[in-house]
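Working notes for the structure below.
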Number of protein chains: 2
Amino acid sequence: MADRPYHHGNLRAALLGEAERTLREQGIDALSLRDLARQAGVSHGAPRRHFEDRQALLDALAEAGFNRLADEVRAAIDGAGEDYQARLRAAAAAYVRFATRDAALLELMFGAKNAKNAKNANNAENANNAENAEPSGAVRAASERLFTTVGDLIRQGQQDGQLPPGDPGRLRLLLVATLQGIASLVTSGRVQDSQVDALVADTAALFTRSPR
Amino acid sequence: MADRPYHHGNLRAALLGEAERTLREQGIDALSLRDLARQAGVSHGAPRRHFEDRQALLDALAEAGFNRLADEVRAAIDGAGEDYQARLRAAAAAYVRFATRDAALLELMFGAKNAKNAKNANNAENANNAENAEPSGAVRAASERLFTTVGDLIRQGQQDGQLPPGDPGRLRLLLVATLQGIASLVTSGRVQDSQVDALVADTAALFTRSPR
DNA sequence: ACCTGAACACCGTTCAAGT
DNA sequence: ACCTGAACACCGTTCAAGT
């Protein structure tokens with residue numbers, strides 16, 4: 001039976017998995033390190049060995065979230081056939097699906113930036129960046145996978161003549177913004193499920209218009 | 001001198017004002033009812049008379065935020081002259097300015113929805129909407145002022161022939177989504193200040209293109 | 001009508017100590 | 001190398017009691 005096996009073996013993975021579930025089912029306010037430790041059957045101090053503080057756990061969740069989002073969007077594009085508008089719609093639909101299923105996680109992924117700086121406000125060496133923190137390195141790297149995926153879609157559209165020429169980086173930024181904005185309206189309950197299809201279709205149509 | 005004047009007179013307004021400042025300067029994690037009470041010079045139980053719980057305070061902040069955002073966007077449009085693209089750019093720029101100055105507040109305005117439902121999960125009478133809560137009535141009403149402002153801009157563009165005809169409601173939703181998406185990238189630190197002008201210009205150009 | 005202050009059940013974080 | 005358990009300083013919320 002082994003009441004307390006190894007040192008739990010893979011506490012880090014267990015904490016992350018349980019955290020993902022709690023986040024999905026009960027929201028971020030219900031996410032506590034002590035509670036996760038309880039569910040994993042370890043003492044409340046144990047998580048410290050794997051996550052320096054609560055923010056480190058949230059960063060790890062955001063990182064995994066970005067990796068999964070990038071994967072799902074890419075898979076949707078790859079499975080959408082040849083028609084370019086259909087590929088755009090598939091990317092947007094996959095993004096919205098992620099937002100619907102993991103609203104709190106997506107908020108977490110695009111949140112942060114504001115919380116931690118307060119501590120360092122009095123700290124002279126960090127005073128210059130006290131109000132413009134960047135996401136942590138690992139989170140940023142994972143979020144760039146999403147940008148790369150969308151960038152590939154943009155480049156393909158320009159090659160096929162379905163998108164206007166010009167700086168692909170600017171178009172990529174605008175498309176990510178649009179996708180994230182739709183997701184933000186969905187997670188905040190300002191878009192009904194019945195409106196999503198139209199919004200996705202309009203997004204694809206908007207980007208494939210020709211300049212006047 | 002009057003150490004403790006009336007009953008503080010306008011505790012509600014004082015709490016809201018201080019909360020707005022804390023939110024701006026230190027982020028949402030630093031926002032505590034007990035701390036606000038301390039700064040207002042009242043006991044920690046006093047805020048309860050004006051805000052039933054912490055969420056009620058956050059709702060009031062979000063409500064005020066939406067009213068101010070709608071006002072600022074409308075003022076920017078009204079002050080932008082006759083050129084329609086310039087009016088679009090002014091609206092987008094005002095939105096981004098709000099996001100830059102009050103990042104945490106904007107996140108709060110488009111957040112929520114997920115946190116409160118957990119409590120009612122076991123409650124049979126509320127089981128049906130346990131995973132799709134709407135923003136509180138007052139917040140929703142204030143957020144609709146933003147939608148109305150953007151809707152007026154859309155209608156004007158269609159009348160002037162600067163925007164394609166069709167359901168103005170759909171176009172409005174897409175424009176709000178785009179603005180909120182840009183803001184989300186800004187508040188999460190994924191758009192540099194130097195990229196904002198191009199993004200704003202590209203947004204205006206995108207919407208005023210003609211269908212191919 | 002508005003506020004106080006004790007009480008309760010939670011947190012995150014720290015750190016000496018164990019295995 | 002990993003985990004325990006006491007300790008500390010905070011929370012939000014409740015509620016009898018005061019003015």
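What's counted below: heavy atoms across the whole structure, side chains too, no hydrogens, waters or symmetry copies. Reminder, nothing fancy here: chain letters follow the sequence lines and each chain counts from 1.
The side chain of B:Asp53 has D:dT13 as its nearest neighbour among D:dA7, D:dT13, C:dC11. Among the nucleotides C:dT4, D:dC11, D:dA7, the one closest to any side-chain atom of B:Ala46 is C:dT4.
Nucleotide D:dG5 forms a Watson-Crick or G-U wobble pair with C:dC15, both donor-acceptor distances falling under 3.5 Å. Across every strand in view, D:dC10 sits unpaired, with no contact that passes the Watson-Crick or G-U test at under 3.5 angstrom.
Atom CD of A:Gln55 and atom P of C:dG12 are 13 Å apart (whole Å). Atom CG in B:Leu57 sits about 15 Å away from atom C1' in D:dC11, given to the nearest Å. Straight-line distance from the CD atom of B:Gln26 to the C1' atom of D:dC10: 15 Å, rounded to whole Å. In this entry the distance linking CG of A:Leu58 with C1' of C:dG12 reads 12 Å, nearest Å. Residue A:Asp35 contributes atom CG, which lies 6 Å from atom P of C:dC11 at whole-angstrom precision. One interatomic measurement links the two molecules: CG of A:Leu31 to C1' of C:dG12, which rounds to 13 Å at whole-angstrom precision. Atom-to-atom, CG of A:Leu11 to P of D:dC2 comes out at 10 Å; the value is rounded to the nearest Å.
For the OP1/OP2 pair of C:dC11 and a distance below 4.0 Å, the side-chain nitrogens and oxygens of A:Arg38 include at least one atom meeting the criterion. Remark: A:Arg48 is in phosphate contact with C:dT14, judged by side-chain N or O atoms under 4.0 Å from OP1 or OP2. Between B:Ser43 and the phosphate of C:dG5, there is no side-chain N or O to OP1/OP2 separation shorter than 4.0 Å.
Take the nearest nucleotide of DNA chain D for B:Arg49 and for B:Leu33: the residue whose nucleotide is more 5' is B:Leu33.
Summarising the geometry of A:Ala80 relative to A:Ala90, their closest heavy-atom pair is CB-CB, 3.6 Å, with the distance given to 0.1 Å.
A cation-pi arrangement, defined by a distance under 6.0 Å to the six-membered ring centre and an angle within 45 degrees of its axis, is present between B:Arg190 and A:Phe110.
A donor and an acceptor atom, one from each side chain of A:Gln156 and A:Arg87, are located under 3.5 Å apart.
For CD of A:Glu52, the number of neighbouring non-hydrogen atoms (other residues, nucleotides, ligands) closer than 6.0 Å is 12 at most.
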